[in-house]
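No hydrogens, no waters, no symmetry mates; every other heavy atom, side chains included, goes into these values. Chain identifiers are assigned alphabetically (A, B, ...) following the order of the sequence lines, protein sequences preceding nucleic acid strands; residue numbering begins at 1 within each chain.
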Protein chains: 2
Amino acid sequence: MSATELQELLHARGNRVTPQRVLIHETLVELDRHATAEQVLERVSKRLPNASLPTVYAALELFEELGLVRRVDTAGGAAIWDPRTDGHPHFVCDRCGAVEDVDAPLEAARALSAARGQGLHPSGAELVLTGLCRSCARAAR
Amino acid sequence: MSATELQELLHARGNRVTPQRVLIHETLVELDRHATAEQVLERVSKRLPNASLPTVYAALELFEELGLVRRVDTAGGAAIWDPRTDGHPHFVCDRCGAVEDVDAPLEAARALSAARGQGLHPSGAELVLTGLCRSCARAAR
DNA sequence: GTCGCTGCAAAGTATTTGCATAGCC
DNA sequence: GGCTATGCAAATACTTTGCAGCGAC
């Protein structure tokens with residue numbers, strides 16, 4: 001998504017186009033990879049030294065409503081914000097907490113329809129695998 | 001799992017059989033439903049007034065290693081501990097945070113093998129759906 | 001000019017850790 | 001009796017909230 005498209009999206013909802021929001025969005029696009037709020041701030045701070053963590057959280061939450069990012073909660077550690085729009089599973093290392101994308105489709109269709117059958121109104125699905133990442137598996141041996 | 005089996009399992013690993021552990025396990029079996037650490041403590045406290053939250057966490061973590069419960073992290077809210085041994089998806093309400101079991105199989109086979117193909121060593125999978133629960137969907141209208 | 005957004009500080013929530021003591025083995 | 005698990009308190013990590021001032025529109 002371009003900066004122009006972001007502007008239109010924000011205007012359409014009556015939200016203001018602030019340098020912080022533009023920059024945070026740009027950072028997500030540049031990273032092209034999930035990141036924690038802290039990591040986003042780190043990059044944003046280079047060009048906007050006074051930016052704050054609450055602002056980053058507010059912007060990410062807004063972007064989530066806009067469908068631009070997905071928030072993924074990883075057991076214990078910090079949540080990650082993923083700019084990939086396709087649903088894909090994530091892997092979280094039990095030992096070091098590292099998060100990695102898993103290259104596979106999501107396969108949540110049956111769960112979603114089962115949930116609807118139970119009277120729920122699901123809008124999203126997250127599949128999180130846990131275990132040991134490469135380096136931690138090696139260290140454990 | 002019976003209390004006797006728990007004892008054997010603990011002994012086999014060199015862990016002690018304490019009243020707290022037995023009671024926490026019993027509570028999980030009685031509940032037969034996912035619960036937060038706080039909810040477990042609440043019930044345990046009725047019979048063991050001095051029981052503490054750190055002890056509950058320690059026991060739940062131990063039981064997780066023993067394969068007796070699964071920890072499920074729900075966005076933002078407290079983690080839940082699920083005594084069901086079959087993998088099944090969970091639904092978390094975006095608005096009120098309520099957690100509900102989804103009655104469907106897990107379907108993580110492709111994700112698991114993809115992860116292995118990426119050199120990871122997955123040992124578990126959690127599928128979490130988000131959206132609005134019955135009452136929140138009704139309130140939103 | 002108005003009103004939403006930001007930055008700062010502080011609060012809040014969930015979970016973990018340090019340490020002395022109790023109690024299982 | 002030795003040593004692990006417990007209970008208490010405090011620390012930690014992450015995220016959210018309150019509020020005054022700034023700046024987008």
Side-chain angles (χ1 to χ4, degrees), chain A residues 3 6-25 34-42 44-45 47-66 69 71-81 92 94-97 99, chain B residues 3 6-25 34-42 44-45 47-66 69 71-81 92 94-97 99:
Chain A
L6 176 66
Q7 286 198 13
E8 286 168 10
L9 209 49
L10 288 174
H11 278 141
R13 291 191 18 137
N15 289 119
R16 289 187 183 162
V17 179
T18 65
Q20 287 84 348
R21 287 177 177 168
V22 172
L23 194 44
I24 289 166
H25 176 257
H34 51 248
T36 63
E38 195 100 34
Q39 290 168 335
V40 172
L41 177 63
E42 198 182 327
V44 166
S45 293
R47 288 200 267 162
L48 212 78
N50 286 343
S52 68
L53 215 32
T55 300
V56 172
Y57 276 105
L60 289 173
E61 203 172 315
L62 176 60
F63 292 167
E64 190 179 24
E65 278 179 48
L66 297 176
V69 289
R71 177 184 175 148
V72 182
D73 275 72
T74 70
I80 60 166
W81 303 82
V92 181
D94 283 334
R95 183 179 288 215
C96 71
V99 181
Chain B
L6 176 66
Q7 285 196 14
E8 286 169 11
L9 209 48
L10 289 174
H11 278 144
R13 289 190 20 132
N15 290 118
R16 290 186 182 163
V17 179
T18 65
Q20 287 85 348
R21 286 176 178 168
V22 172
L23 194 44
I24 289 166
H25 176 257
H34 52 248
T36 63
E38 195 100 34
Q39 290 168 335
V40 172
L41 177 63
E42 198 182 329
V44 167
S45 293
R47 289 200 266 163
L48 212 78
N50 286 343
S52 68
L53 216 31
T55 300
V56 171
Y57 276 105
L60 289 173
E61 204 172 315
L62 176 60
F63 292 168
E64 191 180 24
E65 277 179 48
L66 298 176
V69 288
R71 177 185 176 148
V72 182
D73 274 72
T74 70
I80 60 165
W81 303 81
V92 182
D94 283 333
R95 184 179 289 214
C96 72
V99 182

Novice: Would you call A:V17 and A:H11 a side-chain contact if the rule is heavy atoms closer than 4.5 Å?
Specialist: yes

Novice: Please list, chain by chain and in numerical order, all residues satisfying side-chain contact (heavy atoms from CB on, under 4.5 Å) with A:A35, sequence neighbours excluded.
Specialist: A:L31, A:Q39, A:V40

Novice: How would you give the extent of chain A contacts on DNA chain D, as first and last nucleotide 5' to 3' within a 4.0 Å heavy-atom cut-off?
Specialist: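 Contacts span D:dC14 to D:dC25, reading 5' to 3'.
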
Novice: Got a sec, which residues hit side-chain hydrogen bond (donor to acceptor under 3.5 Å, both in side chains) with B:R47, two or more places apart in sequence or on another chain?
Specialist: B:E26, B:E30

Novice: Taking CD from B:E38 and P from C:dT16, how many angstroms apart are they, rounded to a whole number?
Specialist: 14 Å

Novice: Contact between A:L41 and A:S45 at the side-chain level, heavy atoms closer than 4.5 Å - yes or no?
Specialist: yes

Novice: Check side-chain contact (heavy atoms from CB on, under 4.5 Å) between A:E61 and all other residues, then give those that pass, not counting sequence neighbours.
Specialist: none

Novice: What's B:A79 touching, base or sugar-phosphate or nothing? Going by heavy atoms closer than 4.0 Å.
Specialist: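 Result for B:A79 = sugar-phosphate.
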
Novice: Residues in side-chain hydrogen bond (donor to acceptor under 3.5 Å, both in side chains) with B:R95, at least two apart?
Specialist: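 Counting only residues at least two positions away or on another chain, B:R95 forms no side-chain hydrogen bond (donor to acceptor under 3.5 Å, both in side chains).
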
Novice: Who are the side-chain hydrogen bond (donor to acceptor under 3.5 Å, both in side chains) partners of B:D94, not counting sequence neighbours?
Specialist: none

Novice: Under 4.0 Å from any atom of DNA chain C, heavy atoms only: list the residues of residues 8-17 of chain A that qualify, in numerical order.
Specialist: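 Nucleic-acid contacts, sorted: A:N15, A:R16.
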
Novice: On the nucleotide C:dG7, are OP1 or OP2 found under 4.0 Å from the side-chain N or O atoms that A:Q20 carries?
Specialist: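 Yes, such a contact exists.
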
Novice: Would you say B:F63 and B:H25 make side-chain contact, with heavy atoms under 4.5 Å?
Specialist: yes

Novice: Taking CG from A:D73 and C1' from C:dT13, how many angstroms apart are they, rounded to a whole number?
Specialist: 13 Å

Novice: Between C:dT15 and B:Y57, is there an OP1 or OP2 to side-chain N/O distance shorter than 4.0 Å?
Specialist: yes

Novice: Indicate yes or no: at least one non-hydrogen side-chain atom of B:L10 is less than 4.5 angstrom from one of B:L66.
Specialist: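 Yes, their side chains come closer than 4.5 Å.
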
Novice: Let me know, please, whether B:R71 or B:P19 comes out on the 5' side of the other along DNA chain C by nearest nucleotide.
Specialist: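 It is B:R71 whose nearest nucleotide is closer to the 5' end.
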
Novice: Work out how much the helix from C:dG1-D:dC25 to C:dC25-D:dG1 bends between its end axes, five pairs an end, to the nearest 10 degrees.
Specialist: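 Angle reported: 40°, given to the nearest ten degrees.
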
Novice: Return the residues of residues 47-56 of chain A meeting this criterion: a heavy atom under 4.0 Å from some atom of DNA chain C. Order them by number, or give none.
Specialist: A:N50, A:A51, A:S52, A:P54, A:T55

Novice: Kindly write out the residues that satisfy side-chain contact (heavy atoms from CB on, under 4.5 Å) with A:E8, not counting sequence neighbours, or none if the list is empty.
Specialist: A:T4

Novice: Does anything in residues 48-60 of chain B pair up under side chain to side chain donor-acceptor pair (under 3.5 Å), and if so which pairs, sequence neighbours excluded?
Specialist: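 Every side chain to side chain donor-acceptor pair (under 3.5 Å) pair that includes a residue of residues 48-60 of chain B, provided the two are not neighbours, is B:S52-B:T55.
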
Novice: Starting from C1' on C:dG7, measure out to CG on A:L41 and report it in whole angstrom.
Specialist: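 Answer to the nearest Å: 11 Å.
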
Novice: Just wondering, do B:L48 and B:Q20 contact through their side chains at under 4.5 Å, heavy atoms?
Specialist: yes

Novice: For B:R21, give me all partners under side-chain hydrogen bond (donor to acceptor under 3.5 Å, both in side chains), at least two apart in sequence or on another chain.
Specialist: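 Listed in chain order: nothing, the list is empty.
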
